[in-house]
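Just so it is clear, the model here is predicted, and its values are computed rather than measured. Every chain is numbered from 1 and lettered A, B, ... according to where its sequence line falls, protein lines coming before strand lines.
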2 protein chains.
Amino acid sequence: MEDTRTRILLAAGELFAERGFDGASAREICERAGVNIAAINYYFGTKEALYVEAVKAAAPLFRAEALFEGREMEADTRSPAQLLADYIRLMLEHMIGQETPAWKMKLIMREMLEPTPACEAFFHQHVLTNFRHLLRILEGLLPGGIPEYRKYQIALSIVSQCTHYRAAGKLLEKIIPPELRPQFSVDHLARHITEFVFSALGLRSSFVDQWRAGKLDCGGYADALALDRNVKSE
Amino acid sequence: MEDTRTRILLAAGELFAERGFDGASAREICERAGVNIAAINYYFGTKEALYVEAVKAAAPLFRAEALFEGREMEADTRSPAQLLADYIRLMLEHMIGQETPAWKMKLIMREMLEPTPACEAFFHQHVLTNFRHLLRILEGLLPGGIPEYRKYQIALSIVSQCTHYRAAGKLLEKIIPPELRPQFSVDHLARHITEFVFSALGLRSSFVDQWRAGKLDCGGYADALALDRNVKSE
DNA sequence: TTGCCTTTCAATCGTTTGTTTCATACAATC
DNA sequence: GATTGTATGAAACAAACGATTGAAAGGCAA
């Protein structure tokens with residue numbers, strides 16, 4: 001039955017994400033899946049092969065290509081600023097959104113922290129294409145003369161802010177006071193990070209004004225948080 | 001001999017950081033330490049107790065108090081901007097600097113990603129005090145009327161950029177082209193992140209000008225990277 | 001029914017795990 | 001020199017691990 005294979009893969013993904021490769025025993029995986037221990041050997045061969053399949057099942061989430069799904073690359077009328085805003089929101093949705101299964105992103109973050117030899121090449125390619133997408137978006141925003149390393153630094157400053165909320169997830173739950181937690185939803189964080197990045201890039205005169213005026217769509221917010229209206233202006 | 005205990009603790013710290021609690025076997029730890037297996041029981045009781053000791057040995061690194069070492073809190077003449085610049089640099093030095101043992105920060109990041117029940121309370125307290133230090137620095141920079149959640153968002157945007165270079169360390173080595181790698185030293189990153197954050201906070205008119213004029217010390221840099229001089233100005 | 005192939009199951013394989021035991025070696029104290 | 005407390009070492013403990021086996025069960029065509 002194909003259903004058995006799927007159940008194993010799901011249970012394995014959840015447990016691998018929760019406790020890592022060594023922490024999740026084959027017996028517990030099969031117990032959660034409600035199948036016999038031998039099934040993991042029958043369908044996947046070894047536990048390691050099962051792990052690779054679980055990572056491969058989770059990795060497609062981590063794609064910036066989703067930004068362009070349903071659109072033609074050339075016919076895309078979005079401004080570079082809107083593209084960056086969409087990118088940030090897409091990342092955050094994957095990180096802390098409810099739609100995508102939590103275990104998939106957990107497993108991917110685990111693979112980022114310490115790459116498994118079995119998944120290394122495959123996974124590296126996935127992350128690299130995603131990162132290059134962001135670099136291309138930035139090239140539309142930044143002037144041509146900007147040195148290459150600066151693009152990398154800026155890109156990493158952007159992705160780090162997004163990934164941090166899953167990387168340090170358990171810890172943040174305890175650091176952030178409960179009454180402040182509503183301000184750390186996908187919507188709120190997407191708005192904050194986008195505004196933070198735009199402001200850092202000195203794009204306030206044009207893009208952030210559009211942003212504030214509601215001409216850029218990101219999370220359906222209309223009101224402005226007015227970052228630098230509150231900031232000390234000397 | 002006290003030396004044996006120390007050797008075990010060091011070997012355990014390195015191996016726990018490398019492969020996690022489950023991945024590092026007690027036999028391998030003792031083999032690396034050059035002691036008998038029974039020594040881990042003799043000095044620490046259980047493997048778990050040894051892990052706790054290893055984390056406790058590594059955690060003191062993660063302190064913002066180091067910013068003020070050798071100074072009197074009240075007599076500190078540094079401006080809030082300089083304090084933030086120092087904070088960023090201190091974090092980065094701990095993350096990717098050569099002075100502090102790499103395994104200590106690896107172990108701490110591992111504990112951040114998935115807190116061990118044994119270390120949870122102890123570790124939480126450590127991170128929290130560090131985070132509150134950053135919040136206090138920000139309060140000196142930002143106006144009084146700014147909402148609390150904004151301070152948290154900004155603080156997290158800052159720490160995420162610093163921690164990211166260790167959290168995704170192995171992966172970044174493959175993403176960043178070799179010829180660009182010199183630009184990702186502690187000095188270069190401290191400068192980039194500080195400037196990125198200052199610019200984002202709208203502190204360009206005062207602090208960043210001082211920064212560019214070399215009046216703020218951070219990493220000994222004198223030349224300006226001139227972020228927004230390169231940025232498209234429409 | 002019969003035969004055949006796929007799937008599931010209980011039982012067990014050889015390792016490796018963390019932990020413990022007991023005997024020994026060392027150094028200091030009486 | 002005998003004794004005591006500390007430290008180390010080789011061996012073995014039960015338990016859990018991943019992997020495998022051979023038999024049983026199920027479905028399906030002939």
Subject >> Short side-chain N/O contact from B:Tyr42 to OP1 or OP2 of D:dG9, under 4.0 Å >> reply: no
**OP:** Starting from P on D:dA16, measure out to CD on A:Glu28 and report it in whole angstrom.
**Re:** 12 Å
Original post:
Taking atom P of C:dT17 as reference, at what distance in whole Å does atom CZ of B:Arg19 sit?
Top reply: 10 Å
**OP:** Describe the nucleic acid contact of B:Ala39 in one word from base, sugar-phosphate, nothing, applying a heavy-atom distance below 4.0 Å.
**Re:** nothing
Original post:
Just wondering, are more than 12 heavy atoms of other shown residues or ligands nearer than 6.0 Å to CD in A:Gln98?
Top reply: no
**OP:** Give the intermediate values and the outcome of side chain to side chain contact (heavy atoms under 4.5 Å, CB included) for residues A:Phe16 and A:Lys47.
**Re:** CA-CA 11 Å; A:Phe16 281 146; A:Lys47 181 190 176 188; 3.9 Å; yes
Subject >> Presence of B:Asn41 side-chain N/O under 4.0 Å of C:dT19 phosphate oxygens OP1/OP2 >> reply: no
**OP:** Flag the pair B:Glu18 and B:Lys106 as a salt bridge only when some basic side-chain nitrogen lies within less than 4.0 angstrom of an acidic carboxylate oxygen.
**Re:** yes
**OP:** Would you mind reading off the distance between B:Ile8 atom CD1 and D:dG9 atom P, rounded to a whole angstrom?
**Re:** 10 Å
Subject >> Proximity to the side chain of A:Ala38 - top-ranked nucleotide from D:dT20, C:dT7, D:dT8 >> reply: D:dT20
Original post:
Expressed in angstrom and rounded to an integer, what is the separation of B:Arg5 atom CZ from D:dT8 atom C1'?
Top reply: 17 Å
Original post:
Rounded to whole angstroms, how far apart are CZ on B:Arg27 and C1' on D:dA16?
Top reply: 13 Å
Subject >> Between C:dT19 (C1') and B:Ile40 (CD1): distance, integer Å >> reply: 9 Å
**OP:** Have a look at B:Ala49 and say if it touches a base, only the backbone sugar-phosphate, or nothing, with a 4.0 Å heavy-atom cut-off.
**Re:** nothing
Original post:
Nearest-Å distance, NZ (A:Lys47) to C1' (C:dT16)?
Top reply: 13 Å
Subject >> Length of the CZ-P vector between B:Arg7 and D:dA7, whole Å >> reply: 14 Å
Original post:
When you look at CZ of B:Arg181, are more than 12 heavy atoms from neighbouring residues, nucleotides or ligands closer to it than 6.0 Å?
Top reply: yes
Subject >> Donor-acceptor pair between B:Glu93 and B:Thr100 side chains, under 3.5 angstrom >> reply: no
Original post:
Would you say A:Ser25 reaches D:dA16's phosphate, i.e. side-chain N/O to OP1/OP2 under 4.0 Å?
Top reply: no
Original post:
Is the phosphate of C:dA10, meaning OP1 or OP2, less than 4.0 Å from a side-chain N or O of A:Asn36?
Top reply: yes
